[in-house]
Amino acid sequence: MDDHPVDLTGTVALVAGATRGAGRGIAVELGAAGATVYCTGRTTREQPSEYGRPETIEETAELVTAAGGTGVAVPCDHLDPAAVRALVQRVDDEHGRLDVLVNDIWGGELMVEWETPVWEHSLENGLRTLRLAIDTHLVTAHHALRLMTRNPGGLVVEITDGTADYNASNYRLNVYYDVAKVAPIRLARSWAHELERYDGTAVAVTPGWLRSEIMLEMFGVTEPTWRDALANEPHFAISETPRFVGRGIAALAADPDRRRWNATSTSSGELGRVYGRTDVDGSRPDAWRYIAEVQDAGLPADTTGYR
């Protein structure tokens with residue numbers, strides 16, 4: 001059952017927040033399985049967002065197509081209800097259906113002040129973070145789920161940071177980040193309730209320690225040289241590419257029995273184990289088990305048995 005082919009031919013997916021990181025990895029892997037993937041974000045070749053980063057939604061769409069699917073780049077600010085309504089109308093006009101929605105909108109890295117109490121953290125930045133992390137998901141669901149419920153069996157994936165168990169027992173860096181990463185887990189439960197009569201499935205999924213473009217840049221490494229970062233952060237050895245969580249979600253989308261996951265919280269590591277998915281290097285990192293049992297326990301970095 002290891003890395004057997006996944007077939008999503010005929011599936012129409014929307015990855016909201018696909019410019020970079022997990023969103024890009026998920027979009028590409030859905031494309032590799034044959035899906036048509038609408039890739040949204042605020043950074044285009046003509047108009048960057050406040051991130052000021054080089055990745056664009058056009059690049060993501062091209063990667064989706066190169067992987068074997070059909071990538072469609074649609075600029076969209078998911079805080080703008082009219083823009084999201086127009087996005088969903090386009091999907092409806094072009095396909096008349098939506099089978100998979102991945103809510104990966106985030107955008108708070110530049111505003112989060114790590115380990116800062118609420119009375120010292122910028123209130124403006126904190127509230128903006130919550131709008132980007134929560135309001136965007138609600139706006140997107142309001143418009144997209146109306147189309148999804150036209151046909152039975154849709155899948156909604158809420159992307160977050162941390163499993164339900166881990167986040168329930170660990171304070172996540174500051175109050176705004178903590179709330180932002182707990183909320184998608186609860187939203188998945190809400191969508192599961194609301195989609196029940198339509199045979200839909202909603203799941204919260206967390207990647208592990210992600211080797212995103214921003215994380216690699218922060219450590220001063222590239223994907224081919226990522227192990228050079230271990231000299232300063234040995235636990236980075238458990239890290240994974242954005243493709244790993246994408247492979248797990250593609251397998252989930254193709255699973256005819258996926259409703260067994262309904263209303264649950266899971267991780268890239270668990271999806272990899274259950275569906276026989278591996279990362280691009282052939283490993284199967286189980287980051288959240290490692291973080292709890294090794295990193296948080298204060299043990300020396302050792303990924304034996306964890307990847």
Side-chain angles (χ1 to χ4, degrees), residues 8-110 132-133 136-137 139-148 154-159 207 210 212-214 216-217 223 241-243 245-247 249-250 253:
L8 292 174
T9 303
T11 296
V12 179
L14 166 58
V15 180
T19 312
R20 60 184 67 85
R24 175 173 283 192
I26 294 164
V28 171
E29 289 298 333
L30 290 171
T36 294
V37 186
Y38 286 81
C39 309
T40 70
R42 293 175 296 159
T43 299
T44 69
R45 286 179 175 139
E46 291 74 34
Q47 182 64 51
S49 73
E50 74 270 17
Y51 265 65
R53 292 197 54 83
E55 303 86 19
T56 68
I57 57 170
E58 292 95 340
E59 289 173 353
T60 300
E62 289 164 3
L63 290 168
V64 169
T65 301
T70 301
V72 184
V74 183
C76 186
D77 180 347
H78 286 262
L79 279 174
D80 182 349
V84 177
R85 182 170 59 249
L87 162 69
V88 174
Q89 186 61 55
R90 176 174 172 179
V91 177
D92 190 4
D93 291 344
E94 295 177 355
H95 295 279
R97 63 184 299 123
L98 178 63
D99 306 301
V100 178
L101 168 63
V102 179
N103 249 340
D104 182 52
I105 315 140
W106 164 227
E109 285 97 342
L110 303 181
L132 289 169
T136 55
H137 291 226
V139 171
T140 304
H142 173 80
H143 293 288
L145 296 193
R146 190 188 310 273
L147 175 57
M148 179 174 283
L155 171 66
V156 182
V157 178
E158 285 283 338
I159 301 298
L210 200 66
S212 65
E213 299 87 351
I214 291 175
L216 291 171
E217 185 175 282
E223 179 55 33
T241 75
R243 300 283 291 273
V245 67
R247 290 177 175 184
I249 289 172

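In this chain, numbering begins with 1 at the start of the sequence shown.
Distance check, rounded to the nearest 0.5 Å: CD of Glu29 to CG of Leu63 gives 11.0 Å. Here the OG1 atom belonging to Thr11 is positioned 8.5 Å from the CG atom belonging to Leu30, to the nearest 0.5 angstrom. Expressed to the nearest 0.5 Å, how far CD1 of Ile214 lies from CG of Leu110 amounts to 6.5 Å. Atoms CG and CG, on Leu155 and Leu98 in that order, are 10.0 Å from each other to the nearest 0.5 Å.
Nearest heavy atoms, Val245 versus Ala22: CG1-CB, 4.3 Å. The two atoms that bring Ser212 and Gly21 nearest to each other are CB-CA, 4.1 Å, heavy atoms only. In terms of heavy-atom proximity, Arg53 sits nearest to Glu217 at NH1-OE2, 3.2 Å. Across Val139 and Pro81, no two heavy atoms sit closer than the pair CG1-CA, 3.8 Å. Among all heavy-atom pairs drawn from Gly23 and Val15, the shortest one is O-CG1, 3.6 Å. Annotation for Arg97 and Val91: closest pair O-CG1, 3.5 Å, computed over non-hydrogen atoms.
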Using the side-chain contact (heavy atoms from CB on, under 4.5 Å) rule, take Arg243 and Val28 through it: C-alpha gap first, then chi angles, then the decisive distance, then the call. CA-CA 7 Å; Arg243 300 283 291 273; Val28 171; 3.6 Å; yes

Run the side-chain contact (heavy atoms from CB on, under 4.5 Å) check on His143 and Gln89 step by step: do they pass? CA-CA 9 Å; His143 293 288; Gln89 186 61 55; over 6 Å; no

For a side-chain contact (heavy atoms from CB on, under 4.5 Å) check, start with the C-alpha distance between Arg146 and Arg85, then their side-chain angles and the critical distance, and finish with the verdict. CA-CA 10 Å; Arg146 190 188 310 273; Arg85 182 170 59 249; over 6 Å; no

Start with the C-alpha gap between Glu55 and Thr43, add the side-chain angles, then the distance that decides, and say whether side-chain contact (heavy atoms from CB on, under 4.5 Å) holds. CA-CA 7 Å; Glu55 303 86 19; Thr43 299; over 6 Å; no

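Thr140 pairs with exactly one of Asp104, Val88, Ile105, Val102 by the side chain to side chain contact (heavy atoms under 4.5 Å, CB included) rule, that one being Ile105.
Not one N or O on the side chain of Asp99 forms a donor-acceptor pair closer than 3.5 Å with the backbone of Ala13. No donor-acceptor distance shorter than 3.5 angstrom exists from the side chain of His78 to the backbone of Val84, with no hydrogens or angles considered. The backbone N or O of Ile57 sits nowhere less than 3.5 Å from a side-chain atom of Thr19 that would complete a donor-acceptor pair. A donor-acceptor pair is defined here as one N or O able to donate and one able to accept, closer than 3.5 Å; such a pair exists between the side chain of Thr60 and the backbone of Ala18.
In this structure, Leu14 and Thr40 have side chains that are in contact, with non-hydrogen atoms separated by less than 4.5 Å. Put simply, the side chain of Thr65 does not reach to within 4.5 Å of the side chain of Glu62, judged on heavy atoms. Between Ile159 and Ile249 the shortest side-chain heavy-atom distance falls below 4.5 Å.
Judged purely by distance below 3.5 Å, without hydrogens or angles, the side chains of His95 and Thr36 never pair a donor atom with an acceptor atom.
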